[in-house]
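The figures here come from the full heavy-atom set of this structure, side chains too, leaving out hydrogens, waters and symmetry mates. All values reported here derive from a predicted model rather than from experimental measurement.
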Amino acid sequence: MMQYDPIKLESSWKEALSAEFAQPYMQQLAEFLRQEKQQGKVIYPQGSLIFNALNLTPLPQVKVVILGQDPYHGPGQAHGLSFSVPEGMAIPPSLLNMYKELQRDLNIPIAKHGCLQSWAEQGVLLLNTTLTVEQGQAGAHAKAGWQRFTDRIIDCVSEQQAHVVFMLWGAHARSKGARIDTSKHLLLQSVHPSPLSAYRGFLGNGHFSQCNKFLQRTGQSPIQWQLPELCAEQAELTL
């Protein structure tokens, strides 16, 4: 069985996913990761951050899902939240386009850092469909088994939560749309915020304002999209 206790998994997700960890494919995935490390390959994010999105956003608190593909594959970038990088890292191009759309859509100033932890703590599940990657090799773990695991996460949110906003950007993310119960959830889809596609429909999609209107219409508090000057992990270091 893949050992998730030593690397910490938030209790509501542990309950929802416990049967999944016992599946053969998860045992094979754990063995794959062990072998990769034994061969000297550098894996991102570090083990304690693989489930960071789940640990920061318990299942009962999920109001929004922003689906990414796989973690950033450069040193120091990945910390288990889709599109996010730790404070002090350069803002990646796709995230910068998200900031540009926030500015256009909600008049929110472009943030000076790329740490989205405050979104996660408000109920935004920043989920990648693949949770690990080899350094310098984008998509290296795409077929290792994570897709089935994260499909189950999406199913849990769709089945157990009411009135969630799913933001699916790009063909890869949109392929998950069939798993979502649109009779109770809001599905927002567009091209990816990557510089290769953002000007073909991401910039101008109005997803952030649509999200908050839906949350308010269903009796939930809107997301405060404007980021604090320091993300929580950095603020703790400065105390």
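Distance alone, capped at 3.5 Å, is enough to place a donor-acceptor pair between the Gln161 side chain and the Leu59 backbone. One N or O on the side chain of Thr150 and one on the backbone of Thr129 form a donor-acceptor pair closer than 3.5 Å. A distance-only check finds no donor-acceptor pair linking the side chain of Gln23 to the backbone of Met26 [under 3.5 Å]. Side-chain atoms of Ser209 come within 3.5 Å of backbone N or O of Gly206 as a donor-acceptor pair. Under the 3.5 Å distance criterion, the side-chain polar atoms of Gln77 are left unmatched by any main-chain donor or acceptor of Met89. Checking side-chain atoms of Lys41 against main-chain N and O of Gln35 turns up no donor-acceptor pair under 3.5 Å. Using a distance-only test at 3.5 Å, with no hydrogens or angles considered, a donor-acceptor pair links the side chain of His113 to the main chain of Pro228. A donor-acceptor pair under 3.5 Å is formed between the side chain of Thr218 and the backbone N or O of Leu215.
With rounding to the nearest 0.5 angstrom, the CG atom of Leu127 is 12.0 Å from the CD atom of Gln69. Note: Asn52 CG to Leu131 CG = 11.0 Å, rounded to the nearest 0.5 Å. Taking CG from Leu187 and CD1 from Ile180, the interatomic distance works out to 5.0 Å, rounded to the nearest 0.5 Å. Between His79 atom NE2 and Leu56 atom CG the span is 8.5 Å, to the nearest 0.5 Å. Atom OG of Ser197 and atom CG of Asn97 lie 8.5 Å apart (nearest 0.5 Å). Atom SG of residue Cys115 and atom CG of residue Leu81 lie 7.0 Å apart, to the nearest 0.5 angstrom.
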For side-chain contact (heavy atoms from CB on, under 4.5 Å), just list the numbers for Val65 and Val157, CA-CA rounded to whole Å, side-chain angles, deciding distance to a tenth of an Å, and then say yes or no.
-> CA-CA 9 Å; Val65 177; Val157 174; 4.2 Å; yes
Evaluation steps, side-chain hydrogen bond (donor to acceptor under 3.5 Å, both in side chains), between Gln117 and Glu121 | CA-CA 6 Å; Gln117 184 170 329; Glu121 291 169 346; 2.9 Å; yes
Derivation of the side-chain contact (heavy atoms from CB on, under 4.5 Å) call for Gln210 and Leu188 = CA-CA 9 Å; Gln210 290 181 61; Leu188 298 175; 3.4 Å; yes
Using the side-chain hydrogen bond (donor to acceptor under 3.5 Å, both in side chains) rule, take Thr132 and His141 through it: C-alpha gap first, then chi angles, then the decisive distance, then the call.
-> CA-CA 6 Å; Thr132 57; His141 294 178; 2.7 Å; yes
Passes side-chain contact (heavy atoms from CB on, under 4.5 Å), Trp119 versus Ile66? Steps please.
-> CA-CA 10 Å; Trp119 293 3; Ile66 296 181; 4.2 Å; yes
Could you check Tyr99 against Ile108 for side-chain contact (heavy atoms from CB on, under 4.5 Å), going step by step and ending with a plain yes or no?
-> CA-CA 8 Å; Tyr99 289 170; Ile108 290 174; over 6 Å; no
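In this structure, Phe21 has its ring center closer than 6.0 angstrom to the ring center of Phe149.
Within the 4.5 Å cutoff, no side-chain heavy atoms of His185 are placed close to those of Val165. Side chains of Lys8 and Asn55 form a contact here, defined as non-hydrogen atoms less than 4.5 Å apart. Residues Gln189 and Trp169 are not in side-chain contact: their nearest non-hydrogen atoms beyond the backbone lie 4.5 Å or more apart. Inter-residue side-chain proximity for Trp146 and Asp70 is flagged as unmet; no heavy-atom pair is nearer than 4.5 Å. Residues Ser118 and Gln224 fail the side-chain proximity criterion, which asks for heavy atoms closer than 4.5 Å. Cys211 is not listed as a side-chain neighbour of Leu186, based on a closest heavy-atom distance of 4.5 Å or more. Taking 4.5 Å as the limit, every side-chain heavy atom of Leu67 sits out of range of all side-chain heavy atoms of Phe166. Contact annotation: the side chain of Val64 never approaches that of Val164 to less than 4.5 Å [non-hydrogen atoms, C-beta and beyond].
A salt bridge links Glu159 to Arg152: at least one charged side-chain nitrogen sits closer than 4.0 Å to a carboxylate oxygen.
Residue pairs meeting the salt bridge (Lys or Arg N to Asp or Glu O under 4.0 Å) criterion with at least one partner in residues 17-32, sequence neighbours excluded, are Glu31-Arg34. Sorted by first and then second residue, the salt bridge (Lys or Arg N to Asp or Glu O under 4.0 Å) pairs with a member in residues 189-217 form an empty list; sequence neighbours excluded.
In terms of hydrophobic clustering, with Ile, Leu, Val, Met, Phe, Trp and Tyr side chains grouped at heavy-atom distances under 4.5 Å, Tyr72 and Leu196 are assigned to different clusters. In the hydrophobic clustering of ILVMFWY residues, with side-chain heavy atoms under 4.5 Å counting as a link, Met98 and Leu106 come out together.
Heavy atoms only, all atoms of each residue included: Ala142 and Gln147 are closest at O-CG, 3.4 Å. The nearest pair of heavy atoms linking Pro45 to Ala78 is CB-O, 3.7 Å. Scanning both residues, Trp13 and Leu54, for their nearest heavy atoms gives CD1-O, 3.2 Å. The minimum heavy-atom distance linking Thr130 with Pro71 is given by the pair O-CD, 3.2 Å. For the pair Ile91 and Leu96, the tightest heavy-atom approach, listed with the atom from each and the gap, is CG2-N, 3.8 Å. Closest of all the heavy-atom pairs between Val62 and Thr57 is CG2-CG2, 3.8 Å.
Side chain to side chain, Ser190 and Asn205 meet the donor-acceptor criterion of an N or O pair below 3.5 Å. Using a 3.5 Å distance cut-off with no hydrogens or angles, the side chains of Asp181 and Ser183 do pair a donor with an acceptor.
Between Phe83 and His192, the two ring planes are tilted [angle within 30° to 60°].
Shown are Gln122, Gln216, Lys63; of these, the side chain to side chain donor-acceptor pair (under 3.5 Å) with Ser221 is made only by Lys63.
Grouped by direct or indirect side-chain proximity (heavy atoms under 4.5 Å, Ile/Leu/Val/Met/Phe/Trp/Tyr only), Tyr44 sits with Val42, Val133.
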